[in-house]
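Below are the structure tokens for one structure; questions will follow.
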Amino acid sequence: MSFKDLGLSDALVKAVKEKGYTTPSPIQEKAIPHILAGKDVLASAQTGTGKTAGFTLPVLQYLSETKHPKYRPLRALVLTPTRELAAQVYDNVREYSSYLNIHSAVVFGGVKAASQIATLRRGVDILVATPGRLLDLHDQKAVSFKRIDVLILDEADRMLDMGFVRDINKIISFMPAKRQNLMFSATFSKDIKQLAQGILRNPVMVEAEPENSTAEMVTQKAYQVDKNKKTEVVTNLIKNGNWNQVLIFMRTKHGANKLTKKLLQSGISAAAIHGNKSQGARTKALSNFKTNDIRVLVATDIAARGLDIPLLPHVINFELPNIPEDYVHRIGRTGRAGASGEAISLVCSEETEYQREIEKLLGKKLSTEIIEGYEPTDNAPPKRAATQTKGSFNKNTSGGNKSKKKPHFKGNKPSSPSGRGRTGAPKKKRY
Ligand code: AMP
């Protein structure tokens, strides 16, 4: 199957070729023909599946083939949960429309509205936007939704999580009832289905891959560690493994700042990306990370969602997410586009329940190991970890683990050939 076979025009096929895509991804193959046919589509697809081209290409084709008044009323709107995702989607729109007479723009908060208003006044066919700023601009009469033909909700599940439902419904209330609706979401939860019911009409459902399945190419590992030693473990993994592009997930903004500071102190270039950072700081952190000017990006779940970081080799869960689905989203950042990747989770005793929840969702156990010298030493270790850790470091600790190898950082060689200390007691760190 080629892009041409999907019914895309020569101008779009040319633009796609220039991006280096040879064949459509599964979600593109499944969604594009329906979108071209004018149907409403509810698609389950995460970032990394090629979903953006999946909706952008057919919508651009529609816009370029239909007549419109000279003043170019807004005809297609893409709503995204985060500013970064809006910027990325817009970059894609611009690239794919290189050979089309299409005007596009992006608007999001955190930056001045004046230039956005000026751009909108000049006439825009397709707009990418975050809901809050878009409503502000609508209140200021800088944009109208009266001529919208296509509405696209990207990462709809995250928009729900971020509390955008009211904004979305308000925006929709200004649109004509007759329009095409496309909804992309990483999961098909009950809430998403409910939101979809209110917006989509007889949607075709397409799925990029089975719900909650994790990329085949991703090696997933959990290290049981002492909570207070996580920073040291991360620093050593990065330094000794010579890792140059690492995405680290934290549960809180404060935690992200703290870890970033510690990494910088130990000579590892890093930046944090979360909701309290200014738009300028977020954009700069992401671009420095993509160009390898910094080694580590420390992110919260919401800030990281939807970031397009191709071929990311390492993802570390500094803390396990308390929502199991977030684990799947996090590790979806590695092993993308056929490249292999590694996702490592640092699990302290109080997080073992989270690990069990994640394993339940995945339908498999994570390969779990203990790093010598960093064993969980919390006062109330979980039952299984406690009994198996004692004097038997090499034992698996979550039942069906694949690997029995105990990891050693470089320079932290075991003192006995078996890799076990003479007494089996926690070893002194040797970095
Ligand atoms: P997305 O899921 O839309 O964020 O896309 C993930 C990455 O895949 C982006 O870097 C795209 O440029 C890239 N991509 C999209 N479609 C294809 C394709 N058909 N072949 C190869 N790469 C693609």
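Hydrogens, waters and symmetry mates are skipped; everything else that's a heavy atom, side chains included, is used. Just so you know, residue 1 is the first one in the sequence shown, and it goes up from there. As the structure lists them, so they are numbered: ligands from 1, and atoms in each ligand from 1.
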Exercise for the section: Would you check whether Thr23 reaches within less than 4.0 Å of ligand 1, judged by its heavy atoms? Expected result: yes
Problem - Within 6.0 angstrom of Lys261 NZ, more than 12 heavy atoms from elsewhere - result: no
Problem - Polar atom proximity, Gly50 to ligand 1 (N or O, under 3.5 Å) - result: yes
Practice task
May I ask you to establish whether Lys51 and Phe184 are in a cation-pi arrangement, using a distance under 6.0 Å from NZ or CZ to the six-membered ring centre and at most 45° from the ring axis?
Solution key: no
Practice task
For Glu95 and Lys19, indicate whether the former's side chain and the latter's backbone hold a donor-acceptor pair under 3.5 Å.
Solution key: no
Problem - Thr22 N/O under 3.5 Å from ligand 1 N/O - result: no
Problem - N or O contact, Asn92 vs ligand 1, cut-off under 3.5 Å - result: no
Exercise for the section: Return the orientation label for the Phe174 and Phe145 ring planes: parallel under 30°, perpendicular over 60°, tilted otherwise. Expected result: tilted
Exercise for the section: Indicate whether any N or O donor in one side chain lies under 3.5 Å from an N or O acceptor in the other, for Gln355 and Tyr327. Expected result: no
Handout entry: Residue Phe3 vicinity, atoms of ligand 1 by number, heavy atom under 4.0 Å
Key = 19 (N)
Practice task
Flag Thr52 as yes when one of its N or O atoms lies below 3.5 Å from any N or O atom of ligand 1, and as no otherwise.
Solution key: yes
Practice task
Indicate, as side chain, backbone, both or neither, the part of Gln88 found under 4.0 angstrom from ligand 1 when only non-hydrogen atoms are considered.
Solution key: neither
Practice task
Check each atom of ligand 1 against the heavy atoms of Ser25 and keep those under 4.0 Å away; list them by number with element.
Solution key: 19 (N)
Problem - Heavy-atom nearest neighbour of atom 23 (C) of ligand 1 within options Tyr21, Tyr96, Phe55, Phe184 - result: Tyr21
Practice task
Would you check if the side chain of Ser345 reaches a backbone N or O of Val347 as a donor-acceptor pair within less than 3.5 Å?
Solution key: no
Fill in the blank from the handout: Tested for side chain to side chain contact (heavy atoms under 4.5 Å, CB included) against Leu153, the lone hit among Ile192, Ile168, Leu200, Leu160 is Ile168
